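Working notes, structure below.
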Amino acid sequence: MYKSNRLVTENRLIILYLMYQMDMPLSWEHLYNFSVNDYMDYFEFQTYITEMEQNGIIETNKEDTITYYSLTDDGEKTVNTFSKLIPESKRKSIISYVRKNKGVIKKEYAVSANYFMYDEDEYVVKCSFIEDDVTLMELNITVVNKEMAKQVKKNWKQNVSSIYNNLLQSLLSDDNSQDVKVDTDIEVRDKEN
C-alpha cells in the first residue's frame, strides 16, 4: 500500500521528534518499541531509520553489541524546522512518553561496562558510572581471560552502587579515624527539561 508523502514525512519526523525530546542516544529497540504499532509498521520504521542514517540526519554509535542512534546537527535543524508538521496530539503523546520513560532509559545508560582483548592473555574491562551527565567513576581493569572479563562486566552492572560506596569509603578513610561516614546517594535522577 502506497503511503502519502505527507504521512511518510510525518512518520520520519515522529522518530526525530522522539530523539530530540529524549536528548540522549537511543537504542534501536527503544526507537522500535515507541514507533511500531502506534505510528508505523516494522518495514516502514526500518526504512525510515536506514534512509535518515544514509542522509546524515541521524548517526549511529555501536557500544558492545548495541547500536545507539542520535540526531546529527542536520537532524536537529530538521526537527526544529518541521516539527509543526506533526499533529499536536501526536507531539503531546511523544512528550508524555518521554516524561514517563526518560528516567528509566537514562538509568539503563548510567552504568556501562565493556571489554576488549588487549593482548593474547589480557582483556581490559572499561567500567563507568554516570549520573546527570557527570562521570562519577571510570575504572579500567585488566584480567587474564574472556570469562573473567565477562564476570567483571556482569558484576559491575549488578553491584556498581556498593562498589562505588566501598571504594569511596576506602579512599576517604584516615588511618587515625575509625568512623568515616560518607553520604553517597547515587540513585540516578531524571532531569526535567
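Being a predicted model, the structure only gives us computed values, none of them experimental. Only this structure's heavy atoms are used, side chains among them; waters, hydrogens and symmetry mates stay out.
- Here the closest non-hydrogen pair linking Y39 and N11 is O-OD1, 3.5 Å.
- Atom CG in D41 sits 11.5 Å away from atom CD in Q46 (nearest 0.5 Å).
- Among pairs with a residue in residues 136-157, none fulfils ring-ring contact (aromatic ring centres under 6.0 Å, His included), at least two apart in sequence or across chains.
- Between the CD atom in Q21 and the CD1 atom in I95 there is a gap of 4.5 Å [rounded to 0.5 Å].
- When the side-chain contact (heavy atoms from CB on, under 4.5 Å) test is applied to T135, the partners found at least two apart in sequence or on another chain are I130, E138.
- Side-chain N or O atoms of N145 include one that pairs as donor or acceptor with a backbone N or O of E147 at under 3.5 Å.
- Partners of S35 according to the side chain to side chain donor-acceptor pair (under 3.5 Å) rule, which considers only residues two or more places apart in sequence or in another chain, do not exist here.
- Considering only residues two or more places apart in sequence or on other chains, T47 meets the side chain to side chain donor-acceptor pair (under 3.5 Å) condition with none of them.
- Distance check: H30 NE2 to N101 CG gives 8.5 Å after rounding to the nearest 0.5 Å.
- Contact annotation: the side chain of L139 never approaches that of F129 to less than 4.5 Å [non-hydrogen atoms, C-beta and beyond].
- Residues satisfying the side-chain contact (heavy atoms from CB on, under 4.5 Å) test with N33, not counting sequence neighbours, are E29.
- Between K154 atom NZ and Q151 atom CD the span is 5.5 Å, to the nearest 0.5 Å.
- Rounding to the nearest 0.5 angstrom, the gap separating the CD1 atom in I141 from the NZ atom in K153 is 13.5 Å.
- Listed by chain and residue number, W28, V36, Y42, F45 satisfy the side-chain contact (heavy atoms from CB on, under 4.5 Å) test with Y32 (two or more places apart in sequence, or in another chain).
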Please table the atom pairs, donor to acceptor, closer than 3.5 Å between any side-chain atom in residues 116-127 and protein atoms at least two apart or in another chain.
none

Test side-chain contact (heavy atoms from CB on, under 4.5 Å) on L26 and Y68; report intermediate values, then the result.
CA-CA 5 Å; L26 296 173; Y68 294 97; 6.0 Å; no

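- The CD1 atom of I14 sits 5.5 Å away from atom CD1 of I94, with the distance rounded to the nearest 0.5 Å.
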Return a table of donor-acceptor pairs under 3.5 angstrom between the side chains of residues 83-90 and protein atoms on other chains or two or more places apart.
from, atom 1, to, atom 2, distance (Å)
S83, OG, V79, O, 3.2
E88, OE2, K92, NZ, 3.3
K90, NZ, E10, OE2, 2.5

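- Proximity of L168 to N166: side-chain heavy atoms (C-beta onward) are nowhere separated by under 4.5 Å.
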Apply side-chain contact (heavy atoms from CB on, under 4.5 Å) to the pair M24 and K102, showing each step before the final yes or no.
CA-CA 9 Å; M24 67 178 139; K102 187 173 184 175; 3.5 Å; yes

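- Under the 4.5 Å side-chain criterion, counting only non-hydrogen atoms from C-beta, L31 is in contact with M19.
- Under 3.5 Å, the side chains of T67 and T60 contain no donor-acceptor pair of N or O atoms.
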Begin from the C-alpha positions of I15 and M40 and carry the test side-chain contact (heavy atoms from CB on, under 4.5 Å) through to its verdict.
CA-CA 10 Å; I15 295 169; M40 61 200 78; 3.9 Å; yes

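- Under the side chain to side chain donor-acceptor pair (under 3.5 Å) criterion, N80 pairs with Y20, sequence neighbours left out.
- Sorted by first and then second residue, the side chain to side chain donor-acceptor pair (under 3.5 Å) pairs with a member in residues 69-78 form an empty list; sequence neighbours excluded.
- The hydrophobic clustering, which links ILVMFWY residues whose side-chain heavy atoms are closer than 4.5 Å, places V104 and L18 apart.
- Listed by first then second residue, pairs satisfying ring-ring contact (aromatic ring centres under 6.0 Å, His included) with a partner in residues 74-103 read F34-Y97, not counting sequence neighbours.
- Residue pairs meeting the salt bridge (Lys or Arg N to Asp or Glu O under 4.0 Å) criterion with at least one partner in residues 49-61, sequence neighbours excluded, are R12-E51.
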